[in-house]
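Heavy-atom basis, side chains included; hydrogens, waters and symmetry copies ignored. Since the structure is predicted, the reported quantities are computational estimates derived from the model, not experimental observations.
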Amino acid sequence: MASLLESLRKYTTVVADTGDFESMKRYQPTDATTNPSLILKAVQQEVYRPMLARCVHAHPNASKEALVDHLLVAFGKEILSIVPGRVSTEVDARLSFDTRATIDRARQIMALYEAEGFDRERVLIKIAATWEGIQAARVLESEGIRCNLTLLFSLSQAVACADARVQLISPFVGRIYDWHKKQQGSAWDEAASSGRHDPGVLSVTKIYNYYKFFGITTEIMGASFRNTGQILALAGCDLLTISPELLGSLNDAQESLAASLTPENARASQPQALPCDEQSFRFLLNEDAMASEKLSEGIRAFVADARKLDALIDAQR
């Protein structure tokens with residue numbers, strides 16, 4: 001019998017959610033995603049620390065912002081030598097509410113990849129799914145720069161991304177699960193809220209059904225998993241980005257697996273169309289306490305790690 005990981009590949013494109021090259025070689029994902037926290041974690045490991053030193057020494061007169069981009073692209077370059085598909089590289093989260101600055105930074109990152117000889121089709125620029133970030137992605141997509149909208153917790157965000165014709169969205173699962181578990185406290189029933197009943201799984205399923213029902217071509221990549229049950233409940237999603245630890249668990253288990261998400265079920269779901277103008281977006285996001293809180297919290301966490309990365313760069317100068 002095939003492993004669960006191999007069975008999952010029949011229905012879903014498997015993506016590695018890590019900055020660790022050895023994990024990618026071991027599990028052979030199609031694509032890979034990174035974020036500030038993963039890059040920070042990587043450069044603090046002895047095996048990857050020389051990459052930071054080489055980057056700083058190779059660009060002695062570069063600004064701190066430019067050095068960060070050079071480091072991100074250095075990791076991306078190595079990743080693209082391992083995976084056959086794409087790498088997602090994130091714009092500084094401190095720009096999450098600045099459309100123009102996000103556009104400029106994304107162009108700079110893409111220019112660095114192109115200078116290394118990589119085609120635009122192999123790079124996704126990762127941007128937080130704020131209104132400003134989505135509008136930046138709209139412009140970038142029109143220029144042929146493909147985007148991955150992250151920190152996505154609600155259907156309203158997903159609909160706005162579809163309207164902007166972004167290439168891919170990363171709706172989070174585990175952080176939604178975390179929020180609901182914390183809110184319910186002692187009343188939380190793990191068994192009743194697991195698998196396809198997991199609140200994070202339900203959120204991604206709702207987005208999947210909406211996209212497939214309305215013929216939206218933006219790719220959906222479930223992200224931020226806490227356990228393999230969440231992953232298996234989303235088999236059939238376009239892509240799933242998975243940590244090395246959970247990739248290992250899936251690789252070690254042998255069970256049969258069927259698709260949980262299918263276009264046929266989506267077509268039967270009959271979702272109601274949502275508006276995607278700015279006023280509606282901000283109102284619907286504000287109405288959703290979980291999405292509002294997790295979006296803000298996620299940006300703050302990425303900003304904190306970006307500042308730590310800045311400090312490591314300063315120490316290398």
Check step by step if side chain to side chain contact (heavy atoms under 4.5 Å, CB included) holds for Ile231 and Ile242. CA-CA 8 Å; Ile231 297 168; Ile242 306 169; 3.7 Å; yes

Applying side chain to side chain contact (heavy atoms under 4.5 Å, CB included), run through Cys161 and Leu149 and close with a yes or a no. CA-CA 7 Å; Cys161 289; Leu149 273 291; 3.7 Å; yes

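Looking only at side-chain heavy atoms (C-beta outward), Ile109 and Asp69 come within less than 4.5 Å of each other.
Using modelled atom types and a 3.5 Å distance limit, the side chains of Thr150 and Ser170 yield no donor-acceptor pair. For Ser280 and Asp277, the side-chain atoms include at least one donor-acceptor pair closer than 3.5 Å.
Judged by the 6.0 Å distance and 45° axis criteria, Arg175 is positioned over the aromatic ring of Phe302.
Taken from CD in Glu116 to NZ in Lys77, the straight-line distance is 4.0 Å, to the nearest 0.5 Å.
For the pairing with Glu219, the salt bridge (charged side-chain N to carboxylate O under 4.0 Å, His left out) check across Arg86, Lys212, Arg146 returns one residue only, Arg86.
Of all heavy-atom pairs spanning Ser88 and Thr34, the tightest one is O-OG1, 3.0 Å.
Using bins of under 30°, 30° to 60° and over 60° for the plane-to-plane angle, the ring pair Phe118/Tyr113 lands in the perpendicular bin.
Following chains of ILVMFWY side-chain contacts shorter than 4.5 Å, one can reach Tyr48 starting from Leu67, so the two form part of one hydrophobic cluster.
Heavy-atom neighbours of Phe283 CZ from other residues, nucleotides or ligands within 6.0 Å: at or below the threshold of 12.
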